[in-house]
Amino acid sequence: MLTPETDKKLFLIDAYAIIFRAYFAFAKNPRINSKGLNTSAAFGFTNSLIDVLKKEKPTHIAVVFDPPGGSVTRKESYEAYKAHRNETPEGIITNIEPIKRIIDAFNIPIIEVEGYEADDVIGTMSKMAEKAGYLTYMVTPDKDYGQLVTERSLMYKPGRGGEPAQIWGPKEICEKFELDSVDQVIDYLGLMGDASDNIPGMPGIGPKTASKLLKEFGTMENIFAHTDQLKGKQKEVFETQQSLGLLSKELARIITDVTVEFNEEQLELNDPDPDKIRAVFADLEFKGFTQKILGEELVVTAAGKVNELGQLDLFGVNDVEQVEQKVTAEVSGFKTFETETTNYQLVQTPEERKELLDLLMQQKEVCFDTETTGLDSLHADMVGMSFSFKAGEAFYVPTPVNYEAAKAIVEEFRPFFESGDILKIAHNVKYDLKILRRYNVRVAYPMFDTMIAHYLISPESKQGMDFLAEFYLQYKPISIETLIGKKGKNQGNMGDLAPEEISDYACEDADITFRLKQIFAPEIEKDHLKSLFYDMEMPLVEILADMEREGIAIDSQFLKDYSNQLGNQLAELETGIKEMAGMDFNVDSPKQLGDVLFDHLKISAKAKKTKTGQYATSEDILQSLVNAHPIIPKILEYREYKKLKSTYVDPLPTMKDAVDGRIHTQFMQTVTATGRLSSNNPNLQNIPIRTEAGREIRKSFVAKNGDYQLLAADYSQIELRIIAALSEDKNMVAAFQSGEDIHAATASKVYGVALKDVSREQRSAAKAVNFGIIYGQSAFGLSQNLGISRTEAKQIIDSYFEQYSTVKTYMDGAIAQAREKGYVETIYKRRRYLPDINSANAVVRGFAERNAINAPIQGSAADVIKLAMIAVYREMKKAGVKSRLILQVHDELVFDIHKDEVELMKNLIKNAMESAVNLIVPMKAEMELGNNWLEAH
DNA sequence: GACATCACG
DNA sequence: ACGTACGTGATGTCT
């Protein structure tokens, strides 16, 4: 028998292991119900449980908990055992009782044995089940269970984030741990130890070494018997620390002879208890689950259909004869919708529109959304508009295909869009602003963008409306694909659909967005987000919309000529490279290139590999081999030109707008973890400048026309100034206040020489340290960067922190704050959450610590320039200038400046940028004018 | 779609 | 023993 066949499938769930994982999976977006209870753990656990029930169809099942007191036996054998384990988070403790209620509602037995941990109980039961002819699945992500795996007892690692669950049998265990047999798992765990379980392990032995030793010696004991075959430190460790190794092995061993009952009848899977299910999920406010589990009939109304029947009384909702429609769509076996009545209405006649507008004008807040023929907001045609001002109710106003006719209908709603009293709610409102500008409507503030609101609440989350609807409303909206098909050349177009087909979709979007606003608004009203949202992010939306619409002019002929030149150089380099290689290959393929350099030409014996096992050929590695073979400099040159041609020179002319011939990027406001903007389609925030050949490309970005010039204004050292301000370090603040060259001033302090005697090398090293500080670098990082020894790097860093001692205090404080509160924040209270800050894994924790240092710096700089943009924009509007703000590149603003406004604009910009914030360190803006972007630097 | 590489601040 | 500086987006290869 190759695969075990059995009718009896037993699932044993390691409760705490699943709960812990569920809790931390929601660390970035904890689920909080209206009572303020964090329900992440219960929600995640329930998801996993339902997943197992639905997908695996167990015949028998139990959930095993660790008892409150923990295990007795292991504590006796090793007192430090679990003594240092982090305390169970509050959010888990408060969820244990509800989770047990949920399991009980499912009629699933809960097993808890005093004095024994869940793994011991599950281990014992799996052995008993095996004898009774069961196929057992141990549900846990914990690798320690590997030792229990047999052909008939498997590990079941629940899926996460859409990933499918993994089932590990003996074969998979041996592969994952690189062992010959499952019997070696305990030796393996004992050798390498486990910091989170406080199993010490052998000093200096990690997973790789553990696998290697066991492949060679078979067991831990056998290693001790043959220490003569080891050498160096390893030999010493295995000769002197045998008892530690054996103890670790015993700590890792899961007990399989616990006294526990194996009651087949009790383990049998039963139907859930509907009353208990309803009660517990209502308590926790998990709306979606009850329906999922009990599978009740679904009803939605299709108001659009009502209209077809000619029975629509638009606003006398009670008189509407609602057509009930059974929805059978299923998602992973469950029904899609809840039983809920919605009232979505199609508004088509002038009378109905008038009635709708009157209603809109009476509201304090209205959610709106536009439907269009495509995603290109500068040219897409409007297909319709939807509105909602009450959960469950929405209206859809179709607009005709003909532009002028559509414009006339949009015009009817101008009083609404231009009202300064009604709060206009939308998801990603920048898009709708741009669409409406095509119809000559400028939407007036106040506005509330639910996408931006959620970005501030949870910056690293997904921000799409569909995702938020599922997360916060347990509601899966009609997908756009249902309407117009999947992405690709056959994708249809909203313009080809009848209003009746679009209405429910459009209404639903407005309805959902309205409901999301009600959930997010209270969060935004809190101290730390209110000003950030209303005074910074929302005002910025209109500015970005204007910048995107404005675009920037490029000289395509210049780029085409340059493309030819690069093409010729590339062809020549390619021939040379292949000749030197003595073979034909694809120079663009890092994989082939690596093989050519290190296998075929054998340029270096100690070539580095990437994590996927290929030879690494990145620039810094090639740079270190530049003198090893004449092919290397050719490849570096080839790479440079190829990048420029394929990323910038060739695509840019093709991205010119067909109507105005300008390049229109999109600025994304809800993408970065730190609060910066990002730019795409095309990305105009990474146009080359560092190399001679790259700089050429900047010449192709030109002023609008002969009446204009480009002006680039950038903040000088904004991030270092912010460190100085945040840390209030006397020495660093003084350096900025006196207007010194900060890198030279730093060098003078670090090396103890007079400012005038600072050498070029010293200044450049100081500059590297100043940069490194921003990123929370280590001595290793600096030594790599400067090509000096780690000892030297450490000396420089030590000296730096002696001179700027408060900077060090500040950095330590940032990490401490992250540990304590779980987040760090910018000067405008923008938060970044760092759930990994207390990770037991030093690498993971290191990343979080560097983020704790970097995020407030990078994020505060982003705050400053955003405020500057708002100030500049307001002043420009006040002055009524022809000049326009067109780009933002993190610390730089680019303008089309009308030649009559040069002096005015220079003063206006400098003033707005330098007084955007008032910190103890002055902000300095520098600017330059030119006919193209290169000259403006 | 993942990965490697490289453009910018 | 581990890995090693923060934040992005676009391109080409390869599966």
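Below, read A as the first sequence line, B as the second, and so on, with proteins coming before strands; counting in each chain starts at 1.
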task = Using the P atoms only, state how far B/dA2 lies from C/dA5, rounded to an integer number of Å.
result = 24 Å
Sugar-phosphate only, base, or nothing, as touched by A/Ile774 at under 4.0 Å among non-hydrogen atoms = nothing
inquiry  = In this structure, how many angstroms lie between the C1' atom of C/dG9 and the CG atom of A/Asn680, rounded?
reply    = 7 Å
inquiry  = Using the P atom as the point on both nucleotides, what is the distance between C/dT4 and B/dC3, in whole Å?
reply    = 16 Å
inquiry  = Quick check: any donor-acceptor pair below 3.5 Å linking the side-chain of A/Glu619 to the base of B/dC6?
reply    = no
message = Any base atoms under 4.0 Å from A/Ser778, or only sugar-phosphate, or nothing? Heavy atoms, all strands.
response = base
task = Give A/Arg850 one of three labels, base, sugar-phosphate or nothing, depending on what nucleic acid heavy atoms sit under 4.0 Å from its own.
result = sugar-phosphate
ask   = Is A/Ile689 touching bases, backbone alone, or none of the nucleic acid, heavy atoms closer than 4.0 Å?
value = sugar-phosphate
query = Does A/Arg690 make a side-chain donor-acceptor contact with the base of B/dG9, cut-off 3.5 Å?
reply = yes
query = Base, sugar-phosphate alone, or nothing: which one does A/Gln784 contact when heavy atoms must sit under 4.0 Å apart?
reply = nothing
request  = Could you check whether A/Phe847 gets within reach of a base, just the sugar-phosphate, or nothing at all, counting any heavy atom under 4.0 Å?
outcome  = sugar-phosphate
query = For C/dG12, does either OP1 or OP2 sit under 4.0 Å from a side-chain N or O belonging to A/Asn586?
reply = no
query = Would one find a side-chain N or O of A/Arg639 under 4.0 angstrom from OP1 or OP2 of B/dC6?
reply = yes
query = Is the phosphate of C/dC14, meaning OP1 or OP2, less than 4.0 Å from a side-chain N or O of A/Gln614?
reply = no
inquiry  = Students often get this wrong, so: under 4.0 angstrom with heavy atoms, is A/Asn841 touching a base, only sugar-phosphate, or nothing?
reply    = nothing
ask   = What is the nucleic acid contact for A/Gly772, judged by heavy atoms within less than 4.0 Å: base, sugar-phosphate only, or nothing?
value = base
task = Classify the nucleic acid contact of A/Ala861 as base, sugar-phosphate or nothing, counting any heavy atom under 4.0 Å across all strands shown.
result = nothing
query = Once the angle between the rings of A/Trp933 and A/His937 is folded into 0 to 90°, is it parallel (under 30°), tilted (30 to 60°) or perpendicular (over 60°)?
reply = tilted
ask   = With a 4.0 Å cut-off on heavy atoms, is A/Arg832 in touch with a base, just the backbone sugar-phosphate, or nothing at all?
value = sugar-phosphate
query = B/dA4 phosphate, OP1 or OP2: any side-chain N/O from A/Thr610 under 4.0 angstrom?
reply = yes
request  = Name the nucleic acid region contacted by A/Asn683, choosing base, sugar-phosphate or nothing; use a 4.0 angstrom heavy-atom cut-off, strictly under.
outcome  = sugar-phosphate
request  = Return no unless some side-chain N or O of A/Thr647 is found under 4.0 Å from OP1 or OP2 of C/dG9.
outcome  = no
request  = Tell me whether the guanidinium CZ or amine NZ of A/Lys608 lies under 6.0 angstrom from the six-membered ring centre of A/Tyr615 and within 45° of its axis.
outcome  = no
query = Rounded to the nearest 0.5 Å, how far does CG of A/Leu934 lie from CD1 of A/Ile689?
reply = 6.5 Å
Integer angstrom distance from the P of C/dG3 to that of B/dA7 = 26 Å
request  = Determine which nucleotide pairs with C/dA1, using a 3.5 Å limit on both distances of a Watson-Crick or G-U wobble pair.
outcome  = none
note = Ranking A/Val769 and A/Thr209 by the position along DNA chain C of their nearest nucleotide, the one closer to 5' is A/Thr209
inquiry  = Using a heavy-atom cut-off of 4.0 Å across all strands, would you classify A/Ala855 as base, sugar-phosphate, or nothing?
reply    = nothing
